[in-house]
Amino acid sequence: MPSSMKALGQARSSRSTMAPDSCCCSPAAMQRRLPILAWLPDYSLQWLKMDFIAGLSVGLTVIPQALAYAEVAGLPPQNLLGLQNIPRQFFLQVYHTFLNIGETRVGDAVLGLVCMVLLLVLKLMRDHVPPVHPEMPPGVRLSHGLVWTATTARNALVVSFAALVAYSFEVTGYQPFILTGETAEGLPPVRTPPFSLTTANGTTSFAEMVQDMGTGLAVVPLVGLLESIAVAKAFASQNNYRVDANQELLAIGLTNVLGSLVSSYPVTGSFGRTAVNAQSGVCTPAGGLVTGALVLLSLDYLTSLFYYIPKAALAAVIIMAVAPLFDTKIFGTLWRVKRLDLLPLSITFLLCFWEVQYGILAGTLVSLLILLHAVARPKTQVSEGPVLVLQPASGLHFPAIEALREAILNQALEGSPRRCAILECTHVCSIDYTVVLGLGDLLEDFRRQGAALVFVGLQVPVLRTLLAADLKGFQYFSTREEAENHLQQDPGTQPYNSCGDPVPEHKVALLKA
């Protein structure tokens, strides 16, 4: 990591650990909401050089990828073989691809495969280029720089090569490739997003537009936010600074609101382009300004050249960009660490072959059910003896009370002889009203059976809640030994303190307050 980037990371870290200022207009608060105020006063020529190189590198990566993703977002896949009118669902794509394999356009297939091989070779070269040392001769450093530039901007290089090949065929009057075609110059007009759409078939209302979006309306923002926060935290840990998740979400939300005014598709953080940014030695967010300027210049002056870009080349860019994201090692890791987590992963993975949004929603639902099951069936450590001791390993909330009640009743009152029980609540930091009612019923069950249930290790918020409920027969102690000693004598119904003595009424009232 360059020393300048390290210094910026340390500066960010020092600022992020400062105590938050209560005033929203204080310098510290303004720097948190407008990060440019934090790094611009310390900006240097060295940072400008590194930001310019990084912004240029990302821009050369972003433009061909944006063309490719826009193609996928706006039209059905047209899968590297030159096939058209293929459905969007994965299984239907596979079926129709093999069904129409005889219609494969040889030119598109060959060009797409060549582009994939070139992208793979350039990526391997990029990964194996040794770092540049100041002691290297100027000629060696120059060659390293050329290789680094070519491999970093490999998407732009390969797409330009494919466009040149397509243009050469266009000149001869024979075109074996499906081309991108006309691309509108400049930005779309700035206007508010349409809340209804009028076509020859009638008018589509806003409600119908939302209905057509389906689950994507929830899935796209969710995935975008998760990806953005994940990539931000990953690079923050590498460069020794902290990320304000609220600020990241605020920036992404504002970006998408402004992007909607120019018909932009959703904007999120990107693992690939952030990695290119970091590997290029970016120092500040100014690198993004260079990338944005390059994209705007391309829209104004290069859109006529986009006409000759073969769609097979864009397909190759997408395939080579997405393929490394498939991490097969995660299955083995989860098998060793926690096998239950393989369930939502497998369900998400399989259903994504049908529709991505269905896979994500199903995985989220399964994860939620697993979480609720853990809440409803908390692990409870049981110590057998004359007095039964039960210690829940986590908090008590309404889904858990019935399972806990059944466990206590089965082990304490349904056996022979009946035993008193101690509920050790050291790990219980909060309870809700349903739990209070359940504990009241449990105390009543013990009272009817001539036994006692006492509490140990109650934290102050939990104790106040239970005292405020005026549960009949409620008793608590600070330690297990005190509770056991008391139960071997004469368990009563008055609350007891850590010494086993009844709590005076004025202290009970104070705790309830």
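As a basis for the values below, the full set of heavy atoms in this structure was taken, side chains included, without hydrogen atoms, waters or symmetry mates.
- Taking the six-membered ring for Trp and thresholds of 30 and 60 degrees, F474 and Y476 have nearly parallel ring planes, at less than 30 degrees apart.
- Atom CD of Q449 and atom CZ of R447 lie 11.0 Å apart (nearest 0.5 Å).
- Counting heavy atoms from C-beta outward, L423 and C425 have side chains that approach closer than 4.5 Å.
- To the nearest 0.5 angstrom, S367 atom OG is 8.5 Å from L343 atom CG.
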Review point. Given the rule in the salt bridge (Lys or Arg N to Asp or Glu O under 4.0 Å) test, do E444 and K472 qualify, once you have shown the distances and angles that lead to the verdict?
Key: CA-CA 8 Å; E444 182 64 21; K472 185 177 181 180; 5.3 Å; no
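- Taking the six-membered ring for Trp and the full ring otherwise, W39 and Y43 have centroids separated by under 6.0 Å.
- Judged by distance alone, with hydrogens and angles left aside, the side-chain atoms of N256 form a donor-acceptor pair with the main-chain N or O of V267 at under 3.5 Å.
- No donor-acceptor pair closer than 3.5 Å links the side chain of Q411 to the backbone N or O of L388.
- Q247 contributes no side-chain N or O that, together with a main-chain N or O of D244, makes up a donor-acceptor pair within less than 3.5 Å.
- One finds the CG atom of L487 at 12.0 Å from the CD atom of E482 (value rounded to the nearest 0.5 Å).
- Heavy-atom minimum distance, A421 versus L390: CB-CD1, 4.3 Å.
- Note that CG of L442 is 9.5 Å distant from CD of E406, once rounded to the nearest 0.5 Å.
- Closest heavy-atom contact between Q459 and T426: NE2-O, 3.1 Å.
- Without hydrogens or angle criteria, R377 side chain to A403 main chain gives no donor-acceptor distance under 3.5 Å.
- Side-chain contact check for V382 versus V389: every heavy-atom pair is 4.5 Å or farther apart.
- Contact detail for I347 and A362: the closest heavy-atom pair is CG2-CB, 3.9 Å.
- Contact detail for L351 and G359: the closest heavy-atom pair is CB-CA, 3.5 Å.
- With R405 contributing its side chain and I401 its backbone, the two residues share no donor-acceptor pair below 3.5 Å.
- When all heavy atoms of W335 and L342 are compared, the closest pair comes out as CE3-CD1, 3.6 Å.
- Taking CG from L453 and CG from L439, the interatomic distance works out to 7.5 Å, rounded to the nearest 0.5 Å.
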Exercise for review: Before giving the answer on side chain to side chain contact (heavy atoms under 4.5 Å, CB included), spell out for E484 and C420 the whole-Å C-alpha distance, their side-chain angles and the decisive distance to 0.1 Å.
Suggested key: CA-CA 9 Å; E484 290 177 344; C420 296; over 6 Å; no
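- Looking only at distances, no side-chain donor or acceptor of S228 sits under 3.5 Å from a matching main-chain atom of T268.
- In this structure, the side chains of F446 and I408 come closer than 4.5 Å at one or more pairs of heavy atoms.
- From E481, atom CD reaches atom CD1 of I422 across 9.0 Å, with rounding to the nearest 0.5 Å.
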Check your understanding: For F477 and H486, what are the C-alpha separation, side-chain angles and deciding distance, and is it a side chain to side chain contact (heavy atoms under 4.5 Å, CB included)?
Key -> CA-CA 9 Å; F477 300 86; H486 171 73; 3.4 Å; yes
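- In this structure, L258 and T255 have side chains that are not in contact, with every pair of non-hydrogen atoms separated by 4.5 Å or more.
- Annotation for I370 and P344: closest pair CD1-CD, 3.9 Å, computed over non-hydrogen atoms.
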